[in-house]
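The structure appears right after this line, and notes come after that.
Sequence lines set the chain letters: A, B, ... in the order given, protein chains first and strands last, and positions in each chain run from 1.
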There are 4 protein chains.
Amino acid sequence: MSPRPDVTEARKNQILEAAVTVFARLGFQQTRMDDIAKQAGLSKGALYLYYKSKDTIIAALLKYFFMQEFKRLQAFVEADREASVHDQLMDLTRQLAAVMHWMARLMPIAFEFYAIAGRDQEVRQFLQEYYHDYRRELARLIQRGIERDEFRTIDAEATATTLAALYEGLALLYFVDPEAHQWTEQVETSVRLLLEGIAQHAST
Amino acid sequence: MSPRPDVTEARKNQILEAAVTVFARLGFQQTRMDDIAKQAGLSKGALYLYYKSKDTIIAALLKYFFMQEFKRLQAFVEADREASVHDQLMDLTRQLAAVMHWMARLMPIAFEFYAIAGRDQEVRQFLQEYYHDYRRELARLIQRGIERDEFRTIDAEATATTLAALYEGLALLYFVDPEAHQWTEQVETSVRLLLEGIAQHAST
Amino acid sequence: MSPRPDVTEARKNQILEAAVTVFARLGFQQTRMDDIAKQAGLSKGALYLYYKSKDTIIAALLKYFFMQEFKRLQAFVEADREASVHDQLMDLTRQLAAVMHWMARLMPIAFEFYAIAGRDQEVRQFLQEYYHDYRRELARLIQRGIERDEFRTIDAEATATTLAALYEGLALLYFVDPEAHQWTEQVETSVRLLLEGIAQHAST
Amino acid sequence: MSPRPDVTEARKNQILEAAVTVFARLGFQQTRMDDIAKQAGLSKGALYLYYKSKDTIIAALLKYFFMQEFKRLQAFVEADREASVHDQLMDLTRQLAAVMHWMARLMPIAFEFYAIAGRDQEVRQFLQEYYHDYRRELARLIQRGIERDEFRTIDAEATATTLAALYEGLALLYFVDPEAHQWTEQVETSVRLLLEGIAQHAST
DNA sequence: AATGAATGAGTTTTCATTCAT
DNA sequence: CATGAATGAAAACTCATTCAT
């Protein structure tokens with residue numbers, strides 16, 4: 001309605017993206033409002049027009065950050081693919097391996113959020129929901145595999161949790177030491193071991 | 001005989017233990033030197049008699065913290081047990097599940113260290129060595145399983161990495177949402193799935 | 001035309017002048033940043049916008065302080081006066097006597113700089129240059145007196161040094177005990193004694 | 001009387017001498033009680049058995065420091081010499097030049113005392129007495145010169161002040177830049193100029 | 001008398017936040 | 001809307017002084 005289109009949303013994202021970049025490099029604490037402002041190409045004052053405080057930026061980032069991650073998974077699962085679930089999961093895995101290097105740059109942010117979750121109820125709750133949804137999507141996929149007789153009659157939920165844990169753990173290990181292994185292969189091998197544990201003997 | 005025995009070692013540990021407690025609750029940044037001092041039952045000045053700075057305490061904590069963790073694993077692996085490797089790993093897993101609640105309290109510290117590793121070469125290197133050693137111990141155990149024909153001829157290294165990742169991931173998920181599952185069972189189920197993936201068919 | 005003119009230079013001087021006042025009263029060490037801020041009519045934080053640290057203020061003050069002093073002398077010497085050099089030096093002396101009371105207030109600052117010169121190469125070097133220039137100006141004047149046959153053929157440099165030493169010493173004695181003498185007369189008498197020592201007999 | 005001789009005086013001097021050394025190098029403020037203790041070969045606690053506080057040490061030093069200086073002059077003047085006063089003063093001057101290098105090391109302490117005098121009545125008063133006595137001794141000598149007809153009928157007091165100022169000023173200039181001149185000659189030249197100003201024509 | 005571990009008040013410096021322009 | 005100069009609360013760290021041994 002207003003003659004000028006609402007620039008607010010754009011600015012808020014501009015700030016969040018700047019924040020991601022700087023936070024990833026310096027951490028929440030070491031990052032100055034000036035750093036974010038400079039990275040966003042705005043003045044320090046402008047930040048406060050869009051976010052009430054540094055903490056508000058961090059809180060908004062929490063959602064922005066994990067939302068993006070979740071959408072990737074969801075998009076994958078919702079694509080009603082014709083391939084076997086086994087192949088779909090290997091696809092998902094390969095995709096993960098492919099973006100690992102890029103993700104590692106952002107992982108310090110995730111770790112800081114995990115650390116904060118230990119003392120902040122709201123952050124913890126958000127992460128709980130995130131992981132709940134994340135596992136639900138995986139479980140849905142695995143359930144499909146059971147129904148198609150690709151997998152044994154296992155607990156889809158528990159298996160999804162296992163897979164999610166494996167992904168998280170591999171990402172952590174990769175982050176700590178990207179040179180330690182041929183991670184692309186390692187990730188595939190890890191998931192293949194798991195899939196063999198849940199496969200019908202026929203598939204072995 | 002000497003009038004005053006050297007209390008330096010004792011004090012340093014006293015401070016580190018206090019630091020663990022407070023850091024876990026408040027995080028590195030939110031924790032004031034006064035908080036550590038109070039928790040240790042010392043004055044702020046006394047802290048500086050034993051550690052040059054807050055950062056020095058954190059650096060000392062890094063070693064103290066992961067060393068303890070590693071010793072637990074090492075003690076387990078070195079015990080030359082007669083049980084099957086499968087049973088040993090399930091034992092290790094159950095032990096992990098048993099201390100998970102206790103560990104979760106300390107995980108924020110670990111997460112902060114991971115976050116710092118992203119920007120501090122020394123911390124990163126320390127963690128690399130830690131995980132390297134950690135995986136090596138697990139690989140040793142798994143290799144034993146292969147030699148005893150319990151497991152298929154798999155890559156012991158890659159499998160150890162998988163197991164380590166699984167442990168880390170499960171600990172993370174537990175930390176975020178301790179109520180989400182019957183974690184004791186979940187952890188066992190997860191590892192059992194993996195073990196089935198690597199077992200000789202005879203064991204299925 | 002620009003909305004806000006650059007106040008940096010003004011602020012820096014404002015701070016230096018405040019610093020002179022407070023340092024003279026309390027000394028470098030006893031002076032709190034808050035004292036300078038209050039004296040300057042600024043906040044403590046503002047000080048740090050213009051000077052990196054307390055030491056930076058002190059360093060800037062060193063130059064500001066002695067520069068002013070030197071300019072006074074230089075202005076005097078450069079004025080190509082027609083009076084005899086003897087009369088010019090007596091003029092300079094009377095001028096010194098006149099501002100002595102005002103200078104005494106600032107002398108604690110000078111003394112602190114001298115003390116620091118004992119352990120700081122940069123400060124020492126600055127003072128060396130200051131006194132070098134100071135003596136050179138006096139020597140120039142005295143040389144003029146020799147050329148005009150007012151003075152005997154003496155070493156102008158050595159005499160300038162003598163005069164400078166006399167000035168410094170008298171200022172010191174005045175500072176320590178302003179009531180001890182009729183200083184205005186004392187200073188004139190002292191310099192007159194010296195001038196008689198260097199005068200051609202004709203002037204006796 | 002007591003079986004053990006009183007060690008208190010010895011200890012107090014031991015501490016003062018240590019203090020002189022360290023203060024000269026580091027300044028009053030930068031010097032830690034630990035530095036003095038170490039230099040004196042005592043423990044920090046021991047210092048407090050003999051001096052109530054750091055300030056008490058500094059206060060005691062003030063007396064110790066200038067007293068030594070004064071004794072040197074007094075010893076010189078009291079020696080009822082047969083030489084002409086002119087020669088005696090030149091002797092005194094040469095003696096000054098000879099110890100200048102050694103004195104320079106201690107001058108930072110003197111400067112700190114001068115600076116403190118600006119804000120501490122007690123210190124100022126002590127210095128006033130010191131310089132009063134100092135000038136009186138010189139005046140006594142000069143008066144002798146007048147009585148012996150070596151000097152013109154000048155104001156002995158004012159001349160003593162002039163000479164004292166000259167000494168102080170030369171010491172200051174030497175301290176700031178020991179390489180600037182052949183100071184030994186400079187000092188003699190300076191005083192000779194003055195003496196020529198006060199001499200009877202006969203002696204010129 | 002002597003020690004040196006412990007104390008805690010005091011100071012510099014930083015930086016999120018505000019607000020006059 | 002946007003700016004960036006100014007604010008001042010907060011915290012790491014120091015070191016003179018104390019006191020149990």
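- A ring-ring contact (aromatic ring centres under 6.0 Å, His included) check over residues 35-68 of chain C, counting only residues at least two apart or in different chains, returns the pairs C:Phe66-C:Tyr130.
- One atom, OH of D:Tyr51, and another, C1' of F:dA16, lie 17 Å apart when rounded to the nearest Å.
- As a whole-Å value, the separation of A:Tyr50 OH from E:dT17 C1' is 18 Å.
- Rounded to whole angstrom, the span from the CG atom of A:Leu49 across to the P atom of F:dT3 amounts to 9 Å.
- Listed by chain and residue number, nothing satisfies the side-chain hydrogen bond (donor to acceptor under 3.5 Å, both in side chains) test with B:Gln30 (two or more places apart in sequence, or in another chain).
- In this structure, C:Gln68 places its CD atom where more than 12 heavy-atom neighbours from other residues, nucleotides or ligands lie under 6.0 Å away.
- Looking at D:Gln39, its side chain never comes within 3.5 Å of a backbone N or O of D:Ala19 through a donor-acceptor pair.
- Listed by residue number, there are no residues of residues 112-122 of chain A with a heavy-atom contact under 4.0 Å to DNA chain F.
- Stem regions annotated for DNA chain E: E:2-21 with F:2-21, counting only runs of 3 or more consecutive pairs of Watson-Crick or G-U type with both contacts under 3.5 Å.
- Closest approach of A:Val22 and A:Ile36 over heavy atoms only: CG2-CA, 4.3 Å.
- Judged as a side-chain hydrogen bond (donor to acceptor under 3.5 Å, both in side chains), and not counting sequence neighbours, B:Glu129 has no contacts.
- Residues A:Met103 and A:Glu69 share a closest heavy-atom pair of SD-OE2, 4.1 Å.
- Nucleotide F:dA5 holds its C1' atom 12 Å from the CD1 atom of C:Ile15, rounded to whole Å.
- Between the CD1 atom of B:Ile58 and the C1' atom of F:dA12 there is a distance of 12 Å, given to the nearest Å.
- Between B:Tyr114 and A:Tyr114, the gap from one ring centroid to the other reaches at least 6.0 Å.
- Comparing D:Gly41 and B:Ala46 along DNA chain E, the residue whose closest nucleotide (by nearest heavy atom) sits nearer the 5' end is D:Gly41.
- Other residues, nucleotides and ligands contribute at most 12 non-hydrogen atoms within 6.0 Å of the CD atom of D:Glu122.
- For the residue pair B:Gly27 and B:Glu112, the shortest heavy atom distance occurs at CA-OE2, 2.9 Å.
- When rounded to the nearest whole Å, the span between NZ of C:Lys12 and P of F:dA5 equals 13 Å.
- When atom types are taken as modelled, the side chain of A:Lys63 and the backbone of A:Phe126 share no donor-acceptor pair closer than 3.5 angstrom.
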With B for base contact, S for sugar-phosphate-only contact and - for none (protein heavy atoms under 4.0 Å), nucleotides 11-16 of chain E reads SSBBSS
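- Computed from coordinates, the C:Lys38 NZ to F:dA6 C1' distance equals 16 Å when rounded to whole Å.
- When the side-chain nitrogen and oxygen atoms of B:Arg11 are compared with OP1 and OP2 of E:dA6, one or more of them lie within a distance under 4.0 Å.
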